Amino acid sequence: MATFKQTIAAVIAPATGLDAEAIEAAITLPQHDGHGDFSFPCFPLAKTLRKSPALIADELARSLIPPQGFSKIEALAGYLNFFVDKALFAQRVLGEVLTQGAAYGNSTEGAGKPVVIDFSSPNMGKELAFHHLRGTMIGNSLSRVYAKRGHPVTRVNHLGDWGTSYGKLIVMFVREGLGEKDLPTLTLEHLNRLYKAFSQAAEKEPELENAAREAFAKLEAGDAYFHVLWNAFREVTLVELRRLYAILNVDFDSWVGEAFFANRLQPVLALLEEKKLLTTSQGAEVVDLEAFGATGMPPALIRKTDGSTLYITRDLAAALYRQAEYAFDRSFYVVDNGQSLHFQQLFKVLELLGCDWASRCEHIPFGLVLHKSEEGNWEKGKTRSGHSSLLKDVLEGAREKIAAIMAEKNPDAGKDVDLALRIAVGALVFSEMKNRRLNDIRFEWEQALSFEGDSGPYVQNAHVRLCSILRKAGIQLNSFYPKDLDGVRWGIYEEPASFAVAELLSQFPDRVGAAAISRDPCTLAQYALSLADATHRFLHGSRVLGSDEERERLLLVRAARSVLAQALELVGVPAIERM
RNA sequence: GCACCAGUAGCUCAGCUGGAUAGAGCGCCGCCCUCCGAAGGCGGAGGUCACAGGUUCGACUCCUGUCUGGUGUACCA
C-alpha cells in the first residue's frame with residue numbers, strides 16, 4: 001500500500017515534472033494547526049518555473065484533485081498543504097499497528113547487512129561504575145534498533161581482561177601475602193581495594209609501576225601461576241557483571257575480550273611487517289601515521305619497549321577477527337568521546353593494512369556524565385555527596401527512593417521490591433537516553449528520579465494507565481483478531497486528542513529509522529515522551545470505559561500501548577504494567 | 001599547539017535530511033479529582049538560538065572565523 005507521502009508525490013510529479021522520490025523527500029510535517037497534515041514547499045520550483053512560489057502553490061492547489069485519502073489541498077505562503085481524510089488515516093494506522101503488533105515498525109532494510117556492536121566492555125577486576133551505564137545502554141538500544149531494522153546483530157562485550165592493570169593486581173595480591181588458597185573466597189570488592197592500594201603505594205614507590213609492567217609481561221609470556229590468578233580475577237568480576245546486566249536486561253552474543261586476542265597477535269604483527277608499516281621510535285614499535293599521510297595524527301604505539309602489546313594492537317586483531325567471523329557490513333564501537341583519537345588511529349592503520357572494510361568501521365562516541373561537586377561545579381567523577389559512584393550502589397539508592405515514593409502513592413504495588421527496581425532502572429536509563437548521544441550530561445538525582453515531566457516514570461506511567469484500562473476491560477495485551485476492526489466507526493478518531501495519538505503512531509517506523517541512521521537512541525526516547533504526552537492528554541479528555549465510543553477508544557488504547565511499549569523497550573526502559 | 005565535542009528560557013534539555021509563529025520539563029504565579037491511575041491535565045510569565053561573516057527564496061539547523069567550556073593527545077584501557 002502506498003504511504004500518504006507516496007500518494008502525494010504521485011499527484012505532484014506529473015504536474016511539475018519532478019522526480020517522485022525527490023518530492024517525497026521534500027514533504028514536511030507541518031508544526032502548526034491549519035497547515036494540514038503534510039506540506040510540500042514550492043520554493044525550489046520558483047527558479048525553473050520562473051514564477052513566485054506563492055503563485056505556483058496557488059495554481060497547483062487549484063488544478064490538483066485531492067487523491068484518495070485526502071480531503072483537501074490548500075496553498076498558503078508558498079506551501080502546498082495536504083489535509084488527510086482523518087477517518088481513513090486513523091483506519092489505516094490503527095489497522096497496521098494492531099494487526100502487526102510487535103512487528104509494527106519492522107523493516108527489511110538491514111537484511112543481509114550484519115552489524116557488530118561493541119559496547120559496555122568493562123575492565124575486569126573493577127566494579128561497574130555509574131558512568132558505564134550510558135555506553136552500555138546506548139549500545140543495547142542500538143542493538144535493538146538495528147535488529148528491528150532487519151540487520152543480523154552481534155552484540156560484543158569486548159572485556160578489558162588484559163593489560164598492565166593485571167600486573168598491578170598481581171603485584172598487590174602477592175604483596176599482601178595472598179595465594180592460591182585465597183582465590184575461592186575472593187570478592188570483587190577486594191580486587192577494587194587492591195587497585196586503590198596499588199595507586200596509593202605507587203605514589204610513594206614509583207618503582208611499583210615497573211613491577212606491574214613486569215608482572216604483566218610475565219603473564220603475557222605465559223607464566224602459569226599468574227595465569228591462575230588472572231583467571232580467578234576475571235571470573236570473580238564476571239559473576240557480578242552478569243548480575244548487573246540481568247537487572248538492566250542487557251544481553252551479549254560474544255564475551256570475547258582482549259585476552260582472547262592477546263594470543264592472536266602474531267598475524268597482525270606479521271601483516272604490519274609485511275606492509276612495512278612498523279618503525280622503531282624511542283625503543284618502541286610504532287606506526288608513524290603522519291609519515292603515511294595522516295597529518296597531525298600521533299603515531300600508533302603497537303609494542304612497548306618491553307615487548308608487551310597495547311590496546312590498539314589487540315583492537316587491530318579484534319577488528320580483523322570480527323570481519324573474518326561475522327563478515328560485517330558495519331562495525332560499531334560504542335565508546336566515550338574521549339577515545340576518538342584512538343579510533344581514528346585504529347581505522348587509519350586498518351586502512352593502511354589494506355582492509356577495504358575499514359571505512360565501514362565506526363566509532364559511536366558519547367559524552368560524559370557530569371556530577372555537581374560540593375562547590376557547585378559540574379565535573380566528571382562521583383555522584384553527589386553521600387552517594388557512591390558504583391553502579392550497584394546508584395541502582396540500590398534509586399530503588400530505595402522509588403520504593404519510598406511508591407509506598408506513599410500506591411501502597412499495594414509499593415511492596416513489590418522488583419517493581420521498584422524496574423522503575424528505578426527506567427528512570428536512570430531514560431534520563432541518560434533522552435539526551436543527544438554526544439552531549440555531556442549533567443546528572444541530577446532529583447531530575448533523574450523525578451516522577452514528573454520529562455522522565456522515565458512519566459512515560460512508564462502513560463503505559464501503566466493504558467494497561468490499567470485494558471485490564472479493567474478484560475483485554476489481554478497483544479491479543480488481537482482481525483474481526484476486532486469490523487464495523488469500527490473511524491470518524492470518531494477525528495477528535496483532536498485521539499487523532500494526535502494516531503498521528504504519532506504513524507510516525508513510529510520513521511523514528512526507528514532515524515534512530516538507526518543517526519545511531520542515536522535519543523530520537524526514540526523523545527518519541528516515547530511525545531507519545532506519552534499525547535496519551536495522557538487523550539486519557540484526560542476522553543473517558544474510555546462505559547462511554548458511547550468505548551469500542552473505538554479501546555482500540556486506540558491498545559494501539560498506543562503497543563507502540564509505547566515498543567519504544568520503551570527499544571530505549572531500554574522496562575514497559576511495566578503497574579506502578 | 002593539534003584533534004574530537006558542545007554553547008537554545010533562571011536551571012536541565014529537545015528541535016527530524018535547512019522550511020511557515022522557537023518547544024518541553026524543573027522552578028515561579030494561577031486553575032482542574034462525586035469521573036478508567038492527579039506519578040495526570042489546563043492557563044500565565046520567561047529566549048537578539050555565544051558572536052561575526054558567508055551560502056540560500058529561506059539558517060537554531062550548512063560553511064568559515066572568533067570567543068567560551070569539556071575531553072583527548074607514546075609505552076593505561
Side-chain angles (χ1 to χ4, degrees), chain A residues 25-26 28-32 35 39 41 43-44 46-47 52-53 76-79 81 121 123 160 162-165 168 209 212-213 258 281-286 295-306 308 310-312 314-315 336-344 363 365 367-368 370 378-380 405-406 409-410 423 431 434-436 438-444 446-447 450-455 457-458 460-462 464-465 467-473 507 510-511 514 517-518 522-523 525-526 529-530 533 536-537 539-547 553 557 578-579:
Chain A
T28 60
L29 305 180
Q31 306 295 318
H32 304 284
H35 291 178
S39 290
F43 308 99
K47 229 170 213 170
S52 80
L76 184 68
Y79 288 88
N81 294 332
S121 307
N123 293 327
W162 205 244
T164 312
S165 305
K168 295 182 183 177
E209 298 280 358
R213 275 192 280 270
E258 294 197 80
S281 166
Q282 298 170 33
E285 287 186 68
V286 307
T295 34
M297 207 182 278
L301 198 54
I302 301 295
R303 225 207 282 245
K304 298 192 270 189
T305 320
D306 66 5
S308 61
L310 286 132
Y311 187 28
I312 197 166
R314 283 165 238 142
D315 263 3
D336 75 89
N337 194 26
Q339 309 276 335
S340 65
L341 180 59
H342 166 73
F343 285 104
Q344 281 178 35
H363 177 207
L368 298 165
L370 305 171
W378 289 103
E379 49 192 47
K380 193 177 170 178
I405 302 170
M406 281 175 75
K409 307 232 183 200
N410 188 350
I423 298 172
S431 80
K434 73 175 180 185
N435 296 330
R436 288 184 69 114
L438 270 162
N439 276 2
D440 288 347
I441 290 180
R442 288 152 213 273
F443 182 85
E444 286 179 297
E446 299 71 29
Q447 207 186 328
S450 167
F451 269 52
E452 297 152 17
D454 281 355
S455 68
Y458 173 85
Q460 286 177 314
N461 183 42
V464 163
R465 289 179 74 182
C467 287
S468 173
I469 291 171
L470 293 176
R471 204 160 43 233
K472 289 190 168 110
Q507 290 168 15
D510 278 352
R511 297 301 282 259
I517 290 163
S518 62
C522 93
T523 308
Q526 292 293 335
L529 222 34
S530 315
D533 187 49
H536 280 305
R537 255 202 292 263
L539 292 182
H540 182 262
S542 311
R543 171 82 197 182
V544 177
L545 301 177
S547 71
R553 287 180 180 165
V557 166
R578 300 165 195 270
M579 64 197 288

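Chain naming here is simple, since letters A, B, ... match the order of the sequence lines and numbering starts at 1 in each. All values reported here derive from a predicted model rather than from experimental measurement.
- Nucleic acid contact class of A:Pro298 (heavy atoms, under 4.0 Å, all strands): sugar-phosphate only.
- Remark: side-chain polar atoms of A:Arg436 are not paired, donor with acceptor, to backbone N or O of A:Cys522 under 3.5 angstrom.
- Nucleic acid contact class of A:Thr28 (heavy atoms, under 4.0 Å, all strands): none.
- Here A:Asn123 does not reach the OP1 or OP2 of B:C76: none of its side-chain N or O atoms lies under 4.0 Å away.
- Within 4.0 Å (heavy atoms only), A:Leu368 reaches sugar-phosphate atoms of the nucleic acid but no base atom.
- Using a 4.0 Å heavy-atom criterion, one finds that A:Leu76 contacts the bases of the nucleic acid, with or without backbone contacts as well.
- The residue A:Gly367 sits apart from the nucleic acid: no heavy atom pair falls under 4.0 Å.
- At a threshold of 4.0 angstrom between heavy atoms, the contacts of A:Gln460 with the nucleic acid are absent.
- If you measure from atom CD of A:Gln339 to atom C1' of B:C5, you get 14 Å, rounded to the nearest angstrom.
- Looking at A:Glu285, its side chain never comes within 3.5 Å of a backbone N or O of A:Leu301 through a donor-acceptor pair.
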Give each protein N/O atom lying under 3.5 Å from an N/O atom of nucleotides 41-46 of chain B, with the pair distance.
from, atom 1, to, atom 2, distance (Å)
B:G41, OP1, A:Tyr458, OH, 2.8
B:G41, O2', A:His540, ND1, 3.0
B:C42, OP1, A:Arg537, NH1, 2.9

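- Remark: B:C76 base-pairs with no nucleotide; criterion is Watson-Crick or G-U wobble with both hydrogen-bond distances under 3.5 Å.
- Looking at heavy-atom distances under 4.0 Å, A:Pro44 makes contact with a base.
- Taking atom P in both B:G27 and B:C60, the straight-line distance is 31 Å, to the nearest Å.
- Look at CG on A:Asn435: it is 16 Å from P on B:C11, rounded to the nearest Å.
- Across all strands shown, A:Arg442 has heavy atoms under 4.0 Å from sugar-phosphate atoms exclusively, and none from any base.
- Under the stacking criterion of a centre-to-centre distance below 5.5 angstrom and an interplanar angle below 30°, A:His32 is not stacked against the six-membered ring of B:A20.
- Using a 4.0 Å heavy-atom distance criterion, A:Ser121 is classed as making no nucleic acid contact.
- Nucleic acid contact class of A:Ser530 (heavy atoms, under 4.0 Å, all strands): none.
- In this structure, the side chain to side chain contact (heavy atoms under 4.5 Å, CB included) partners of A:Lys409, at least two apart in sequence or on a different chain, are A:Ile405.
- Among the protein residues, A:Val286 comes within range of the nucleic acid bases, having at least one heavy atom under 4.0 Å from a base atom.
- As judged by a 4.0 angstrom heavy-atom cut-off over every strand, A:Gln507 is placed among residues making no nucleic acid contact.
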